[in-house]
Amino acid sequence: FGGLREESYFLTQNRHKVKMTVPIIHFHLWERDWSASKRRREQGKMKNKYNSTRDLFEKNLYYEGVASIPNIDDQVEAVQIMRELVQYLRDKQDKTMDERNDLTEVSAILDEWT
């Protein structure tokens with residue numbers, strides 16, 4: 001997946017517009033591979049860490065603790081996010097060369113996963 005840029009896209013997820021940084025999303029969720037039940041258990045721990053720090057960088061690390069996350073496995077969510085990104089890029093008019101390259105690479109990653 002080396003060529004995929006650290007590009008950000010705004011996607012609508014759970015009725016909220018979310019800025020997705022492509023490599024972080026797919027590697028984090030896909031590689032972590034937590035079950036839905038483990039995600040629920042860990043969310044409480046992350047919430048405590050999120051609430052106990054004032055450092056913005058650390059808050060970002062534990063944001064999942066206060067976010068509304070779906071009751072699904074990490075890899076299922078990773079596939080959903082990547083499908084949404086592929087659709088967004090396919091539908092986008094006047095894509096830049098980088099966006100066309102991202103579409104190709106994200107589509108290839110999704111093909112590997114599914």
Side-chain angles (χ1 to χ4, degrees):
F1 316 123
L4 192 59
R5 300 169 305 117
E6 287 199 24
E7 184 61 55
S8 296
Y9 296 97
F10 286 93
L11 305 175
T12 302
Q13 207 177 31
N14 298 331
R15 297 181 308 273
H16 299 286
K17 202 161 196 161
V18 178
K19 184 177 182 181
M20 297 293 181
T21 304
V22 176
I24 292 171
I25 296 302
H26 78 269
F27 282 123
H28 175 70
L29 290 173
W30 189 262
E31 295 296 322
R32 185 175 73 176
D33 193 21
W34 285 354
S35 67
S37 60
K38 179 159 183 154
R39 289 176 79 172
R40 284 190 307 275
R41 284 192 312 272
E42 295 296 323
Q43 189 175 27
K45 295 175 192 174
M46 285 187 228
K47 181 178 182 178
N48 291 338
K49 290 177 181 178
Y50 179 90
N51 289 331
S52 69
T53 186
R54 292 180 188 263
D55 182 88
L56 290 178
F57 178 77
E58 283 189 53
K59 280 201 177 290
N60 284 327
L61 292 175
Y62 303 118
Y63 178 74
E64 197 172 0
V66 295
S68 174
I69 59 172
N71 189 28
I72 56 177
D73 296 348
D74 278 348
Q75 289 189 348
V76 172
E77 185 177 15
V79 168
Q80 288 177 349
I81 291 168
M82 295 299 271
R83 283 185 175 144
E84 188 174 345
L85 180 56
V86 165
Q87 190 62 51
Y88 168 82
L89 289 169
R90 280 188 185 143
D91 293 347
K92 190 169 189 298
Q93 299 296 314
D94 302 318
K95 287 183 256 317
T96 65
M97 178 62 83
D98 284 338
E99 289 168 335
R100 288 192 294 275
N101 291 339
D102 284 350
L103 176 57
T104 300
E105 190 154 357
V106 170
S107 296
I109 292 167
L110 194 52
D111 287 345
E112 279 186 34
W113 290 356
T114 55

### Task
Determine, using the 4.5 Å side-chain heavy-atom cutoff (strictly less than), whether Y88 and V79 are members of one ILVMFWY cluster.
yes
### Task
Write out all pairs satisfying side chain to side chain donor-acceptor pair (under 3.5 Å) with one or both partners inside residues 44-59, taking only residues at least two apart or from two chains.
E42-K45
### Query
Sequence neighbours excluded, which residues qualify as side-chain contact (heavy atoms from CB on, under 4.5 Å) partners of Q75?
W30, D33
### V76 reachable from V86 in the ILVMFWY side-chain graph, under 4.5 Å edges
no
### Task
Report yes or no: do W34 and L61 belong to one cluster of Ile/Leu/Val/Met/Phe/Trp/Tyr joined by side chain heavy-atom distances under 4.5 Å?
yes
#### Entry: By side-chain contact (heavy atoms from CB on, under 4.5 Å) - contacts of D111 (at least two apart)
none
### Query
Hey, any chance Y63 and L29 share a hydrophobic cluster, counting ILVMFWY side chains that come within less than 4.5 Å of each other, even indirectly?
no
#### Entry: Test salt bridge (Lys or Arg N to Asp or Glu O under 4.0 Å) applied to D73 - qualifying residues, sequence neighbours left out
none
### Task
Report the residues that fulfil side-chain contact (heavy atoms from CB on, under 4.5 Å) with T104, sequence neighbours left out, ordered by chain and then residue number.
none
### Task
Determine, using the 4.5 Å side-chain heavy-atom cutoff (strictly less than), whether M46 and F57 are members of one ILVMFWY cluster.
yes
### Query
Can you tell me if E105 and N101 form a side-chain donor-acceptor pair at under 3.5 Å?
no
## Note on the structure
One should read off an interatomic distance between E84 CD and Q87 CD, to the nearest 0.5 angstrom, of 9.5 Å
### Query
Taking side chain as C-beta onward, heavy atoms only, is K92 less than 4.5 Å from L103?
no
### Query
Do you know the tightest heavy-atom contact between I69 and R39?
CB-NH2, 3.9 Å
### Query
Where do Q43 and A67 come nearest, in terms of heavy atoms and distance?
NE2-O, 2.7 Å
### Task
Not counting sequence neighbours, which residues clear salt bridge (Lys or Arg N to Asp or Glu O under 4.0 Å) with R32? List them please.
E64, D74
### Query
If you round to the nearest 0.5 Å, how far is CG of L85 from CG of L110?
9.5 Å
